[in-house]
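Throughout, a chain's letter reflects where its sequence line sits, starting with A, and its residues are numbered from 1. Everything quoted here is computed from the prediction, not taken from an experiment.
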Protein chains: 2
Amino acid sequence: MTVPELGIKITRTKTPSIEEFVVYFSSMKPLFTHIQQYCEVSNSTLKSLGAVLKKEELPKGAFLHTEGKVCSYIYFLEKGCLRGFYNLDGKEVTYWFAFENNFVTSFFSFITRKPGVENIQLTEDCTLWSITYEDLQELYAKHHDMERLGRIMNERYYVMLEERFLSNHFKEARERYENLLTSAPHILQRVPLGYVASYLGITQETLSRIRSKA
Amino acid sequence: MTVPELGIKITRTKTPSIEEFVVYFSSMKPLFTHIQQYCEVSNSTLKSLGAVLKKEELPKGAFLHTEGKVCSYIYFLEKGCLRGFYNLDGKEVTYWFAFENNFVTSFFSFITRKPGVENIQLTEDCTLWSITYEDLQELYAKHHDMERLGRIMNERYYVMLEERFLSNHFKEARERYENLLTSAPHILQRVPLGYVASYLGITQETLSRIRSKA
DNA sequence: TCCATTATTTGACATATGTCAAAGAGCGAA
DNA sequence: TTCGCTCTTTGACATATGTCAAATAATGGA
């Protein structure tokens, strides 16, 4: 048996492989594949996960979360691009972006179960997979390997945030921009310069001047 | 039976309580008590944890970790105070402190298993509990509730880092200092001002001027 | 195509913070 | 106490970055 859409040939065995499971959850393949890079997750856990995932296709400009609310969803971003920002003195301050294969939520609010100041808005049309806070807690409780995945993803995201913290804290604007150019040039091609400026912690005018004197 | 040191009265039952376990691991009580605030951990897990914990009492000035090495330990700081710093252009840049009841490690190195640029140095005499990376992984693998504890602690520390990131990124030096004064005044009483300045991302001179114009 | 809107650049100037040097304060050891 | 060290403050000046305003460039819809 072959699944044309995926180009996967299926052979029935007692313990179904990850490839076989994607027959049932074929559209979740990008997510499942991504997960398995970090931690081995059993088929039964993937099955439970697949049962509570909800696919969402939203247009550019839509909001995943707005300030003042408790965030009850975490998302896997399969396709597209979005930003987290908050309002400061009437200005929108963008402080992170997410692209393909990123997990996305208003982290503070999702973890602490309190309302925050963050907004999450799509900067491109997106394909997302959502899971509720409650469903995630249930998966954590039922499946040790899901808990492990959560632990490992939290570690990864912590390390990334720490690197960014150090960069912003102790390097000059020009250096931060040049680091971004080499480490994540795709950001500059996909989002307006004004967003990138506040991501780098500087004004749009300063970023413009840095670019012109490059 | 009563343990005078702890003031705990013991009654033998089939399933020993946390109070009974502290008879065997009495000196680990601060750590166990702290842990239970975040997540319920079974006695059998605490027992496994206690079996691999090692108590360390080190003097002010000692190093827990130095740059260029892979960090293989995570510590629970029961008493004392220490700092994380790295060398930048011949200057020491302190970027975090830890006090009583904090978990401490060179996070980047501990997680990624790569050498980093971080140094960890005691700024007071300290009482610590150490556990190796390998022992921790084993505990994670054997005990779902230990994995859960790891997942939850990672979440907490992520949220704290995010708050600090936002504060440093988008607020002025004076405001950051004033926030520190209200949220963590103990820092200023326990570490030299020069350390606090680099923690706030400013020079010692600037911090001194902020204080004089308060 | 042209227009309206948004995104980006440029200019003039203000200000926060850094740098370097030196003076003053605090504090422990002999 | 006095000495020698470290910690903290102060001064003079340099520089990075912000602010506000305006000009220019890019973009998408009618």
Figure out the CG/P separation between B/Leu188 and D/dC7, and round it to whole Å.
-> 16 Å
A/Phe108 and B/Tyr158 aromatic centres sub-6.0 Å | no
Are there more than 12 heavy atoms of other residues, nucleotides or ligands under 6.0 Å from atom NZ of A/Lys91?
-> no
Do B/Arg190 and B/Glu124 sit within salt-bridge range, that is, some charged N less than 4.0 Å from a carboxylate O?
-> yes
salt_bridge(A/Glu178, A/Arg174) N-O dist < 4.0 Å = yes
Is any NZ, NE, NH1 or NH2 atom of the basic residue among A/Arg151 and A/Glu155 found under 4.0 Å from an Asp or Glu carboxylate oxygen of the other?
-> yes
For B/Thr94, which residues count as a side-chain contact (heavy atoms from CB on, under 4.5 Å) partner, sequence neighbours excluded?
-> B/Arg83, B/Phe85, B/Phe97, B/Tyr195, B/Ser198
The ring-ring contact (aromatic ring centres under 6.0 Å, His included) partners of A/Tyr140 (sequence neighbours excluded) come to none
Looking only at heavy atoms, what is the nearest atom pair of A/His143 and A/Thr45, with distance?
-> ND1-OG1, 3.2 Å
Applying the ring-ring contact (aromatic ring centres under 6.0 Å, His included) test to B/Phe103, which of B/Phe110, B/Phe76, B/Tyr38 qualifies?
-> B/Phe76
Hey, what are the protein-to-nucleotides 15-22 of chain D N/O distances that come in under 3.5 Å?
{"from": "D/dT17", "atom 1": "OP1", "to": "A/Ala173", "atom 2": "N", "distance (Å)": "3.0"}
{"from": "D/dG18", "atom 1": "OP2", "to": "A/Thr203", "atom 2": "N", "distance (Å)": "3.1"}
{"from": "D/dG18", "atom 1": "OP2", "to": "A/Thr203", "atom 2": "OG1", "distance (Å)": "3.1"}
{"from": "D/dG18", "atom 1": "OP2", "to": "A/Thr206", "atom 2": "OG1", "distance (Å)": "2.6"}
{"from": "D/dC20", "atom 1": "N4", "to": "A/Glu205", "atom 2": "OE2", "distance (Å)": "3.2"}

Please test B/Trp129 against B/Glu78 for side chain to side chain donor-acceptor pair (under 3.5 Å), starting from the C-alpha separation and ending with a verdict.
-> CA-CA 7 Å; B/Trp129 294 90; B/Glu78 182 182 308; 2.8 Å; yes
Between B/Phe165 and A/Arg164, is there a cation-pi geometry (under 6.0 Å to ring centre, at most 45° from the normal)?
-> no
Annotated protein contacts, base or backbone, on nucleotides 24-30 of chain D with a non-hydrogen cut-off under 4.0 Å, one of B, S, - each = -------
Does anything in residues 189-198 of chain B reach DNA chain C, meaning a heavy atom under 4.0 Å, and if so which residues?
-> none
Terminal axis angle for the helix from C/dT1-D/dA30 to C/dA30-D/dT1, five pairs an end, nearest 10 degrees = 40°
B/Tyr95 and B/Tyr199: aromatic ring centres closer than 6.0 Å?
-> no
